[in-house]
Amino acid sequence: MTWFWFAIVALLCWSGSDFFSKLGCRDGKDKYSQFKMVMAVGLVMGIHALYEIINGVEISWQVIWAYLPVSLLYIGSMALGYVGLRYIELSISSPICNASGAMVAIIAILTGTSDVMQWPQYLAIALACAGVIGLGFIEAFEDTELRAKRQEASNYKYAKSWLALALPIAYCLLDAAGTFADDIVLETLNEDSANVAYELTFFAAGVLCFVYTVLIKKQPLIAKVERPKYIGAIFETVGQFAYVMALATGNVALAAPIISSYCMVSVLWSRLFLKEKLSWMHYAAILVTFAGIVIMGVYDM
């Protein structure tokens, strides 16, 4: 299997993870949906970590503790993202979350740790940030009647809310911080061991969420309702594996932009299956964000 097909698998799986996570977390009445989603991802990642350990990946408490700050940033960002899916269309949240690459670049520039970049990279950062800011303004100032009209075909209606935008932006910032810290920590750790440490930490987070949600809060787990969460968790884990394989076996400059475009596929799934309809201004801002993400992917070498 070539790097190209691994990249396509990663693209489809991560967009599928977005879609099924949305299905599993969009019920505004279930205030525990994010904990149940963490339980699902934690279980699947725990199983994969066990598989990796059996197949020879070395892991120790020292590695887990060393990678713990990075793991917590990633897990925290994902949990906030799951909460956000209750309040905003996937078509909007996914591009905002995927702008974290631009945030990483900004952090690196501000801290003086970035290498000298070419002008298209600066353009990419500007485009991604402009797109996200544009989405925020469009959401904040959209006419209420126009919003209601475009949401008629959807099964779920979303009202204006500062929380709706704050949560995917918080995801973006935390994920960027995690990526920045990841780059530093991996200078001293084996990548496979670090990934297993992350998965085991996610499993532990899932256990804690199970104790809190099911044992303490007595929340039921109904198979029909929880099924999309576990499908999303499987897609997330398979996508992560395909991402690593694509970058390990091929040209990063070619694989990265393909994989980074998964947020646009998420927008497609939300339009086709969730019946989410956005205004032309939303789509224009999304395309600007997407352009920045792809350019960053091209130069991510």
Side-chain angles (χ1 to χ4, degrees), residues 6-7 9-18 20-21 24-25 33-83 97-98 100 104 171 174-214 221 226-249 259 262:
F6 278 121
V9 169
L11 178 149
L12 293 176
C13 283
W14 275 350
S15 65
S17 175
D18 270 359
F20 283 103
S21 296
C25 298
S33 61
Q34 69 273 14
F35 298 118
K36 295 175 183 177
M37 192 69 219
V38 172
M39 287 163 48
V41 177
L43 176 61
V44 175
M45 285 197 174
I47 293 172
H48 184 256
L50 179 61
Y51 171 82
E52 291 287 280
I53 293 170
I54 292 174
N55 282 273
V57 175
E58 296 183 1
I59 190 66
S60 66
W61 282 110
Q62 288 78 10
V63 173
I64 293 173
W65 283 116
Y67 202 69
L68 185 61
V70 180
S71 297
L72 293 179
L73 285 169
Y74 282 145
I75 295 169
S77 68
M78 292 179 69
L80 287 177
Y82 297 144
V83 178
C97 292
N98 275 272
S100 59
V104 174
Y171 171 101
L174 281 179
D175 187 68
T179 303
F180 182 76
D182 204 359
D183 186 54
I184 296 173
V185 174
L186 285 180
E187 292 180 0
T188 59
L189 295 178
N190 174 269
E191 290 185 1
D192 291 333
S193 297
N195 188 59
V196 169
Y198 167 64
E199 291 182 327
L200 291 175
T201 304
F202 217 126
F203 175 73
V207 171
L208 290 176
C209 287
F210 175 82
V211 171
Y212 174 74
T213 305
V214 178
L221 296 176
E226 302 306 315
R227 188 179 301 119
K229 297 182 179 69
Y230 286 88
I231 297 175
I234 292 171
F235 274 121
E236 177 70 29
T237 305
V238 175
Q240 177 67 23
F241 172 78
Y243 168 76
V244 172
M245 292 300 297
L247 298 190
T249 60
I259 298 169
Y262 83 85

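Residues take their numbers from the sequence shown, with the count starting at 1. Quick note: numbers below take in every heavy atom, side chains included, and nothing from hydrogens, waters or symmetry partners.
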(request) Return the set of residues passing salt bridge (charged side-chain N to carboxylate O under 4.0 Å, His left out) with Lys36 (not counting sequence neighbours), or none when no residue passes. (result)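 With neighbours one apart ignored, the set is Asp30, Glu226.
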(request) List in chain and number order the residues that pass salt bridge (charged side-chain N to carboxylate O under 4.0 Å, His left out) with Glu52, two or more places apart in sequence or in another chain; answer none if no residue qualifies. (result) none
Donor-acceptor pair, [X] side chain versus [Y] backbone, under 3.5 Å?
X: Asp175; Y: Tyr171; result: no
X: Ser15; Y: Leu11; result: yes
X: Thr237; Y: Ala233; result: yes
X: Ser21; Y: Asp18; result: no
X: Lys229; Y: Ala40; result: no

(message) Please list all pairs meeting side-chain hydrogen bond (donor to acceptor under 3.5 Å, both in side chains) that have one or both residues in residues 66-76, counting only residues at least two apart or in different chains.
(response)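 For residues 66-76: Tyr67-Asp182, Tyr74-Asp182.
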Nearest 0.5 Å please: distance from the [atom1] atom of [X] over to the [atom2] atom of [Y].
X: Met37; Y: Cys209; atom1: CE; atom2: SG; value: 11.5 Å
X: Leu189; Y: Ile184; atom1: CG; atom2: CD1; value: 12.5 Å
X: Met45; Y: Ile75; atom1: CE; atom2: CD1; value: 8.0 Å
X: Tyr198; Y: Gln240; atom1: OH; atom2: CD; value: 7.0 Å
X: Asn195; Y: Ile59; atom1: CG; atom2: CD1; value: 9.5 Å
X: Ser77; Y: Leu72; atom1: OG; atom2: CG; value: 10.5 Å

(message) Check the orientation of Phe235 and Phe20. Use parallel for under 30°, tilted for 30 to 60°, and perpendicular for over 60°.
(response) parallel
(message) Measuring only between side-chain heavy atoms, which start at C-beta, is Val214 closer than 4.5 Å to Met39?
(response) yes
(message) In the structure I gave you, are the side-chain heavy atoms of Met78 and Gln34 within less than 4.5 Å of one another anywhere?
(response) no
(message) Within the supplied structure, the quantity of interest is the number of heavy atoms (other residues, nucleotides, ligands) at a distance under 6.0 Å from Phe203 CZ; does it exceed 12?
(response)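 It does not: Phe203 CZ has 12 such atoms or fewer within range.
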(message) Looking at every heavy atom in both Gly239 and Ala10, which two are closest together, and how far apart are they?
(response)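 Smallest interatomic distance, heavy atoms only, reads O-CB, 3.8 Å.
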(message) How close do Val238 and Cys13 get, counting heavy atoms only, and between which atoms?
(response) CG1-SG, 3.7 Å
